[in-house]
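Down below is the structure, laid out as structure tokens.
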Number of protein chains: 2
Amino acid sequence: MNERIQPELMAEEERLIVKKALEVVCGKWRLFILLHLGQKVRRYSELRRLLPDVSEKVLIQELKTLVQLGVLQKQSYNEVPPRVEYRLSEKGLAVLPILLQIKDIGRHFLPAE
Amino acid sequence: MNERIQPELMAEEERLIVKKALEVVCGKWRLFILLHLGQKVRRYSELRRLLPDVSEKVLIQELKTLVQLGVLQKQSYNEVPPRVEYRLSEKGLAVLPILLQIKDIGRHFLPAE
DNA sequence: TTGTTTGCTAACATTCAAGTTAGCAGCTGT
DNA sequence: ACAGCTGCTAACTTGAATGTTAGCAAACAA
């Protein structure tokens with residue numbers, strides 16, 4: 001059993017895993033956000049300043065998605081003006097080393113290092 | 001010197017590195033293609049069968065881009081019907097372990113493993 | 001009173017990735 | 001003679017991702 005007759009289709013589960021990984025990492029800004037949050041807790045406004053090219057709408061939207069995915073945690077304080085902090089969740093921290101390695105991929109393919 | 005006054009903007013070079021890494025990995029199909037080519041050389045038609053949901057146009061386009069990026073190598077034989085093989089380049093092989101680790105990210109965030 | 005900061009949302013616009021369909025060239029098998 | 005396989009390209013359409021602009025509420029500082 002398990003002899004491969006045709007080129008092996010990737011198992012459905014595998015596909016889901018890869019898809020989910022892409023959700024976490026891909027998009028124009030997601031990885032940047034995650035790397036900026038590596039270890040450090042950051043306020044929303046801080047992230048805004050760190051990523052001046054992301055539109056506000058998109059930044060909030062991405063943060064929300066990442067919270068839903070379980071990569072980030074959000075903490076709001078009832079203050080005025082409002083204060084909202086984002087940090088990597090436990091799972092987020094768990095994959096941080098891999099996120100950092102992804103940068104190594106970039107290093108390999110940048111022209112003339 | 002180098003005391004951080006403001007939240008540190010990511011250095012320009014860093015940004016380029018991350019961007020380049022995203023080029024290699026992101027997109028709906030790129031990572032799938034690369035994983036299917038891990039070690040093994042494959043013909044175009046084989047990839048087609050392995051990735052039935054990618055449109056032909058996009059598959060060819062992605063392969064071309066990956067060749068340009070230097071992740072893949074392409075080899076055409078003057079036969080009829082034509083035969084074209086794709087494989088990971090040396091650099092591609094170098095980053096394969098990281099690509100495989102990306103799947104682990106997915107595993108962490110898939111519901112109810 | 002006016003302006004500032006903070007973290008948001010809603011409506012709309014644009015841009016870009018991906019999908020669809022059709023076609024081609026050259027040989028093979030029927 | 002005809003359809004089929006192979007690796008492509010071109011023209012066009014759809015849909016998702018991203019961007020733009022405006023507004024809000026509550027407190028504070030000038």
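In what follows, chains are A, B, ... by sequence order, proteins preceding strands, each numbered from 1.
Counted within 6.0 Å of CD on B/E79, heavy atoms from surrounding residues, nucleotides or ligands total more than 12; the atom is thus considered enclosed.
Comparing A/P82 and B/Y86 by the nucleotide of DNA chain D whose heavy atom lies nearest to each, the residue mapping closer to the 5' end is B/Y86.
Annotation for B/R42 and B/H36: closest pair NE-O, 2.9 Å, computed over non-hydrogen atoms. In this structure, A/S76 and A/K74 approach most closely via the heavy-atom pair OG-CE, 3.8 Å. Heavy atoms only, all atoms of each residue included: B/G70 and B/S89 are closest at O-OG, 2.6 Å.
Within the nucleic acid shown, A/R48 has no heavy atom closer than 4.0 Å to any nucleic acid atom.
Per the geometry, CG belonging to B/L63 stands 8 Å off P belonging to D/dC8, to the nearest Å. As a whole-Å value, the separation of A/R83 CZ from D/dA27 P is 17 Å. Between A/E46 atom CD and C/dG7 atom C1' there is a gap of 14 Å when expressed in whole angstrom units. Residue B/L59 contributes atom CG, which lies 13 Å from atom C1' of D/dT6 at whole-angstrom precision. Rounded to a whole Å, the CG atom of B/L22 is 15 Å from the P atom of D/dA17. To the nearest angstrom, C1' of C/dT9 lies 8 Å from CD1 of A/I60. One can place CZ of A/R42 at 14 Å from P of C/dG7, the figure rounded to the nearest angstrom. As rounded to whole Å, 18 Å separates atom P of C/dT5 from atom CG of A/L47.
Here the side chains of A/V71 and A/L37 are not in contact, with every heavy-atom distance at 4.5 Å or above. Inter-residue side-chain proximity for A/L34 and A/V24 is flagged as met; some heavy-atom pair is nearer than 4.5 Å.
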Study note, to complete from the structure: Going 5' to 3' through nucleotides 15-20 of chain C and flagging B where a protein heavy-atom sits under 4.0 Å of the base, S where only the sugar-phosphate is that close, and - otherwise, we get ---BBB

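In terms of phosphate contacts, A/R43 brings no side-chain nitrogen or oxygen within less than 4.0 Å of OP1 or OP2 of C/dT6. Within the structure, a side-chain polar atom (N or O) of A/S45 is placed less than 4.0 Å from OP1 or OP2 of C/dG7.
In summary, B/E46 and B/R49 do not engage in a salt bridge, as defined by a charged side-chain N under 4.0 Å from a carboxylate O.
For residues 64-77 of chain A, proximity to DNA chain C is found at A/K64, A/K74, defined as any non-hydrogen atom under 4.0 angstrom from a strand atom.
For B/K20, the salt bridge (Lys or Arg N to Asp or Glu O under 4.0 Å) criterion is met by B/E23, not counting sequence neighbours.
By the rule that hydrophobic residues join a cluster once side-chain heavy atoms approach within less than 4.5 Å of another member, B/I98 and B/L100 end up as members of one cluster.
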